**Q** 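Below is a structure I'd like to ask you about.
The sequence lines fix the lettering, A, B, ..., with proteins before strands; numbering per chain opens at 1. No hydrogens, no waters, no symmetry mates; every other heavy atom, side chains included, goes into these values. Because the structure is predicted, anything quoted here is derived from the model rather than measured.
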Amino acid sequence: CVLLVTSAAAPSSQRCLSWWGGVQMGPPDPILGVSEAFKRDTSPKKMNLGVGAYRDDHGKPFVLDCVRKAEALIASKQLDKEYLAIGGLGDFTKSCAQLALGADSEVLKSGRNITVQTISGTGSLCIGANFLSRFHSASRDVYLPKPSWGNHTPIFRDAGMQLKAYRYYDPSTCGFDFNGALDDISKMPEKSVIMLHACAHNPTGVDPKPEQWKEIADLVKKRDLLVFFDMAYQGFASGDIDRDAWAVRHFIEQGHKIVLSQSFAKNMGLYGERVGGFTVVCNDAEEAKRVESQLKILIRPMYSNPPMNGARIAATILNTPDLYKIWLEEVHGMANRIIKMREQLAANLKNEGSTLDWQHVIDQIGMFCFTGLKPEQVERLTKEFSVYMTKDGRISMAGVTSSNVGYLAHGIHAVTK
Amino acid sequence: MPASRHFCQKVPQATPVAVFKLSNDFKDDPNPMKVNLGVGAYRTDEGQPWVLPVVKKVEKLIVADNRLNHEYLPILGLPEFRSSASKIALGEDSPAIQENRVGAVQCLGGTGALKMGAEFLRRWYNGNDNMKTPVYVSAPTWENHNSVFANAGFKDVRPYKYWDAEKRGLDLAGFLGDLETAPKHSIFVLHACAHNPTGTDPTHVEWMQVAEVMERRKLFVFFDSAYQGFASGCLDKDAWAVRYFVTQGFEMFCAQSFSKNFGLYNERVGNLTIVARDADNVRRVLSQMEKIVRVTWSNPPSQGARLVAITLNTAELFAEWKDNVKTMADRVLLMRASLQAKLQALGTPGTWDHITQQIGMFSFTGLNPKQVEYMIKERSIYLMASGRINMCGLTTKNIDYVAKSIHETVVNVQ
């Protein structure tokens, strides 16, 4: 903006003398913005049910014991801080793939996967989206379940893909719209990309049952679709890491050459360390090498190579039997606490006198619960009760404790009766 | 599912990044005399990586502090890191900071900061989503500059004259000439100090001339500051150019890396400092930066930023850090002086003053590709095809071998 025309609307502002005069104020992030609003609230009863970060029963962040032990082990080794390879820490990527695919996976044995370390789940999706955009020329279409994690859309859009949707959540049952999903999948053009949440669907907490996954896998194969699995909650859904990875492993067994994003933010509590992985299952090891070379070309201009700290912690846990055992127990513990909170919330709502059906609170799985609350009800819950959640009615069960579950039930009942 | 129809089948093999291939070749070389003068990381006189003593100290503090956890940082990063990092670049008493018109985004290393800046510029600079704005990078430059801006969508990344191969110094006339003829609003990536790969920086007077043209022709200033403290051993000295531009009233970006000066290479600690006309502009810019961060990495890694923030914000630790930085810079200066003296003593053809005139980690020796090949193949001394050497690869133990090898190469290979 070169001409200096100061209007009455911006008398003292230097907008017109700035390169940035035309830059609009961006809206707050729908999910992370909730936490920032929560922080500003002064009510002693406030609850943050926005972002999916696990809290213990005292509402405090939980640093896993296996993480502390791993950190102590690492500190004692006095390692240097030399750059990692572009694809990340080898000890990490190997065990990351193993965790998802299973130690006995034929894919791992034949070396036909390439797994790179990424900046947690978001970084993994970013790389995946850009990789597909660059090399999957047959289609620009990415089908997300309706609804999906809010950040999926801008990530794929920014990578130049076209966003489409398939039916997933049934608001009338607060459950899985299986027939709707199959119907939509049957109509997807060949080679389209279909995004599947491996477990603990975000935001609904509604997962297909194994028999349903089997049918989906068959239909997806018939339609020749490219499967993109997002697995951010392995271990967190059922408490069992193999059970939670079942869908991913089934698809691979059925011959799908999937791409997979993994996050260790939740299941290892390594949120701010940004630990994740991106895997491409290829035809053979030679193809995997070619794909690897291209992933490096994508990564280098983004951030050169990934951060060490979190990956080192995760690798230590995954590769040290004692720590691995502790980790499995702790993941199980976190999942169990959430299951208990679901049961308590449903019970408390009944005690409040709610005549609505809250069975879905118990049936849904993972960190999130799709309450079914409408935006106006959510707004009231936030304004009148200082309960912070996203507008779509999603609450993070991890933010619920035995001390505040009663208050939450009271608030939900108040806005829904 | 038929194998032949899978899209990965058609994915071509990419050429490996040169500097990493060099390191791999070095690793595989059985010659006990081998020397790695390739990748840009500091080495002690024993040829070992060096974790700064202050870093070790702060790491222990972090481990002992039970109040710390692994929760998400805000999207733009750790606030105390961002502000202290910007202070390092702009100076404690920077008028821009006092006038509240500085913002920052914590990023993954210097690369991440460059990327954030590039992505923002493509979306919001010189119009909306204008991919035609020319981006100028020095000839030569760190090779990744090209990819960062190209991947952000810029279609026109071009070189500006910088290195004069004949006189082995700055091609000031060429540089100023390109500034004069660049289309208005072009973006220029400037190396704040210790130019990579040439080690050749403009003098203060030369910087002033550059600034004058850039101001007059409305060109965008994007500093890449990866070696602050490392060049001269003094933080303020190395930030002179950045601070001068601020006093001249430029709105600009400065991508900072703490990889080298903190030795935190693999923790990916970087900061994009934004100097704008006023606080309102900063606010709006940061709000849009958040959107870009959110689709790239959501929020940055905490460990390295914590470490740097604690160090910069604690007086004794800050002093200790500056001392550690000087230790590294001094060793590099010593190796420069040593190499130059030895080449002179050997009577190696040509002039070698550029070794001591150049600054920072790298030196553009002037060796041509054939000579470089000879060094690698015959002497197991690994350097970039451009003739760039990392001074940190030199030690008191290998410097004689390297000097003699350069001598032999220059004499035998043309």
**Q** Verify the ring-centre separation between A:W20 and B:F253: is it less than 6.0 angstrom?
**A**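 Yes: the rings meet the under 6.0 Å criterion.
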
**Q** Is any side-chain heavy atom of A:V23 closer than 4.5 Å to a side-chain heavy atom of B:F120?
**A**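 Counting from C-beta outward, A:V23 and B:F120 do come under 4.5 Å.
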
**Q** Which region of A:A265, side chain (C-beta onward) or backbone (N, CA, C, O), has a non-hydrogen atom less than 4.5 Å from a non-hydrogen atom of chain B, or is it both or neither?
**A**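 Just the side chain, heavy atoms under 4.5 Å.
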
**Q** Under 4.5 Å from any heavy atom of chain B, what part of A:K266 do you find: side chain, backbone, both or neither?
**A**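 Answer is side chain: those atoms of A:K266 sit under 4.5 Å from chain B.
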
**Q** Given the options B:F20, B:Y42, B:W124, which has more heavy-atom pairs under 4.5 Å with chain A than any of the others?
**A**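 Looking at each of B:F20, B:Y42, B:W124 in turn, B:W124 comes out on top.
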
**Q** Locate the shortest heavy-atom distance separating A:V67 from B:H70; write the atom from each residue and the value.
**A**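 Shortest heavy-atom separation between A:V67 and B:H70 comes out as CG1-NE2, 3.8 Å.
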
**Q** Under a 4.0 Å N-O cut-off, is there an ion pair linking A:D158 with B:R294?
**A**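 Salt bridge between A:D158 and B:R294, a charged N being under 4.0 Å from a carboxylate O: no.
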
**Q** Under 4.5 Å heavy-atom distance to chain A, tell me which part of B:V51 shows up: side chain, backbone, both or neither.
**A**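 The side chain, not the backbone.
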
**Q** Counting only heavy atoms closer than 4.5 Å, note whether A:R274 contacts chain B via side chain, backbone, both or neither.
**A**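 A:R274 touches chain B through side-chain heavy atoms alone.
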
**Q** Test B:R268 against A:I119 for side-chain contact (heavy atoms from CB on, under 4.5 Å), laying out the working first.
**A** CA-CA 11 Å; B:R268 317 312 296 125; A:I119 317 300; over 6 Å; no

**Q** Is B:S23 in contact with chain A via its backbone, its side chain, both, or neither, using a 4.5 Å heavy-atom distance?
**A**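 Neither; nothing under 4.5 Å.
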
**Q** If you count heavy-atom pairs under 4.5 Å between each of A:G121, A:S304, A:C126 and chain B, which one has the most?
**A**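 With the most close heavy-atom pairs to chain B, the winner is A:S304.
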
**Q** Atom CE of A:M308 and atom CG of B:L264: how far apart are they, to the nearest 0.5 Å?
**A**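 The CG atom of B:L264 is 12.0 Å from CE of A:M308, to the nearest 0.5 Å.
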
**Q** With a 4.5 angstrom heavy-atom cut-off, is it the side chain or the backbone of A:R157 that approaches chain B, or both, or neither?
**A**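 Interface part for A:R157: neither.
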
**Q** When you check the gap from the basic side-chain N to the acidic O, do B:E71 and A:R55 get nearer than 4.0 Å?
**A**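 Looking at B:E71 and A:R55, the cut-off is met.
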
**Q** Hey, which of A:Q294, A:E287, A:R134 is the one that makes side chain to side chain contact (heavy atoms under 4.5 Å, CB included) with B:V11?
**A**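 Among A:Q294, A:E287, A:R134, the one that satisfies the side chain to side chain contact (heavy atoms under 4.5 Å, CB included) with B:V11 is A:Q294.
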
**Q** Which distance, rounded to the nearest 0.5 Å, do you find between the CG of A:L226 and the CZ of B:F7?
**A**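 Going from the CG atom of A:L226 to the CZ atom of B:F7 covers 5.0 Å.
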
**Q** Relative to chain A, which segment of B:V55 carries a heavy atom at a distance below 4.5 Å: side chain, backbone, both, or neither?
**A**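 Contact with chain A: side chain only.
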
**Q** So what's closer than 4.5 Å to chain A heavy atoms on B:P300: side chain, backbone, both or neither?
**A**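 The backbone, not the side chain.
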
**Q** Apply side-chain contact (heavy atoms from CB on, under 4.5 Å) to A:W19 and B:H185, showing your working.
**A** CA-CA 10 Å; A:W19 289 124; B:H185 304 159; 3.5 Å; yes

**Q** Check each atom of A:D80 against the heavy atoms of chain B and say whether the ones under 4.5 Å are side chain, backbone, both or neither.
**A**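 Contact with chain B is through both the backbone and side chain of A:D80.
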
**Q** Report the option among B:G110, B:G112, B:C107, B:P49 that has the most heavy-atom pairs separated by less than 4.5 Å from atoms of chain A.
**A**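 Result: the option with the highest number of such pairs is B:P49.
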
**Q** Rounded to the nearest 0.5 Å, how far apart are OG of B:S259 and CG of A:N305?
**A**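 Reported value, rounded in 0.5 Å steps: 8.0 Å.
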
**Q** For A:Q24, is there any backbone N or O sitting under 3.5 Å from a side-chain donor or acceptor partner on B:Q288?
**A**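 Side chain of B:Q288 to backbone of A:Q24, a donor-acceptor pair under 3.5 Å: yes, one is there.
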
**Q** Less than 4.5 Å apart, side chain to side chain, heavy atoms only: is that true for B:Y72 and A:P61?
**A**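 Answer no - side chains too far apart.
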
**Q** Using non-hydrogen atoms and a 4.5 Å limit, figure out which bit of B:N299 sits close to chain A: side chain, backbone, both or neither.
**A**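 It is both, since atoms from each part get that close.
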
**Q** Relative to chain A, which of B:R123, B:R101, B:E290, B:Q48 shows the most heavy atom pairs under 4.5 Å?
**A**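 Counting heavy-atom pairs under 4.5 Å, the top option is B:R123.
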
**Q** Output the distance between atom OG1 (B:T296) and atom CE (A:M302), rounded to the nearest 0.5 Å.
**A**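 One finds 7.0 Å between OG1 of B:T296 and CE of A:M302.
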
**Q** If I measure from the heavy atoms of chain B, does A:I127 come under 4.5 Å with its side chain, its backbone, both, or neither?
**A**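 It is neither, since no heavy atom gets under 4.5 Å.
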
**Q** What part of A:S120 is in contact with chain B, defined as an atom under 4.5 angstrom from a non-hydrogen atom: side chain, backbone, both or neither?
**A**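 No part of it gets close to chain B.
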
**Q** If I measure from the heavy atoms of chain B, does A:E71 come under 4.5 Å with its side chain, its backbone, both, or neither?
**A**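 For A:E71, side-chain heavy atoms alone lie under 4.5 Å from chain B.
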
**Q** Please flag which part of B:L52 lies under 4.5 Å from any non-hydrogen atom of chain A: side chain, backbone, both or neither.
**A**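 Answer is neither: B:L52 stays 4.5 Å or more from chain A.
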
**Q** May I ask you to say whether A:E82 pairs ionically with B:R43, meaning some side-chain N is under 4.0 Å from a carboxylate O?
**A**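 Between B:R43 and A:E82 there is a salt bridge, with a charged N closer than 4.0 Å to a carboxylate O.
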
**Q** Go through the atoms of A:L79 and report whether side chain, backbone, both or neither lie under 4.5 Å from a heavy atom of chain B.
**A**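 For A:L79, the backbone is the part near chain B, not the side chain.
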
**Q** If I measure from the heavy atoms of chain B, does A:V63 come under 4.5 Å with its side chain, its backbone, both, or neither?
**A**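 Answer is side chain: those atoms of A:V63 sit under 4.5 Å from chain B.
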
**Q** Pair A:N283, B:H6 - check side-chain contact (heavy atoms from CB on, under 4.5 Å), show working.
**A** CA-CA 8 Å; A:N283 204 28; B:H6 187 61; 5.9 Å; no

**Q** If you count every heavy atom of other residues, nucleotides or ligands that lies below 6.0 Å from B:K57 atom NZ, does the total exceed 12?
**A**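 Incorrect, the count does not exceed 12.
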
**Q** Among the options A:L125, A:V280, A:L84, A:L270, pick out the one with the most heavy-atom pairs lying under 4.5 Å from chain B.
**A**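 Option with the greatest count: A:L270.
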
**Q** Please classify the contact of A:E286 with chain B as side chain, backbone, both or neither, using a heavy-atom distance under 4.5 Å.
**A**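 No part of it gets close to chain B.
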
**Q** Looking at A:S293, A:A75, A:G26, which has the largest count of heavy-atom pairs under 4.5 Å with chain B?
**A**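 Winner by heavy-atom pair count: A:S293.
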
**Q** Heavy-atom distance under 4.5 Å to chain B: side chain of A:A138, backbone, both or neither?
**A**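 A:A138 has no heavy atom closer than 4.5 Å to chain B.
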
**Q** Select one option (side chain, backbone, both, neither) describing which atoms of A:P27 are under 4.5 Å from chain B's heavy atoms.
**A**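 For A:P27, heavy atoms of backbone and side chain both lie under 4.5 Å from chain B.
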
**Q** Out of B:M289, B:E59, B:K60, which one racks up the most heavy-atom pairs below 4.5 Å with chain A?
**A**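 Heavy-atom pairs under 4.5 Å are most numerous for B:E59.
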
**Q** Just give me the residue among B:E119, B:K291, B:K10 that pairs up with chain A most often, heavy atom to heavy atom, under 4.5 Å.
**A**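 Between B:E119, B:K291, B:K10, the count favours B:K291.
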
**Q** Non-hydrogen atoms of chain B under 4.5 Å away: do they reach the side chain of A:S124, the backbone, both or neither?
**A**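 Contact with chain B involves no heavy atom of A:S124 at all.
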
**Q** CD1 of A:I155 to OG of B:S298: how many Å apart, nearest 0.5 Å?
**A**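 Answer for the CD1-OG pair, A:I155 versus B:S298, is 6.5 Å.
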
**Q** Working to the nearest 0.5 Å, report the span between OG1 of B:T111 and CD1 of A:I299.
**A**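 Nearest 0.5 Å value for the OG1-CD1 distance: 12.0 Å.
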
**Q** Heavy-atom pairs under 4.5 Å with chain B - which of A:F156, A:Y303, A:Y54, A:F62 has more of them than the others?
**A**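 Ranked by heavy-atom pairs under 4.5 Å with chain B, first place is A:Y303.
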
**Q** Do the side chains of B:E251 and A:S18 get nearer than 4.5 Å, heavy atoms only?
**A**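 They are in contact (side-chain heavy atoms under 4.5 Å apart), so the answer is yes.
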
**Q** Looking at B:P16, B:A279, B:S302, B:A276, which makes the most heavy-atom pairs under 4.5 Å with chain A?
**A**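 It is B:S302.
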
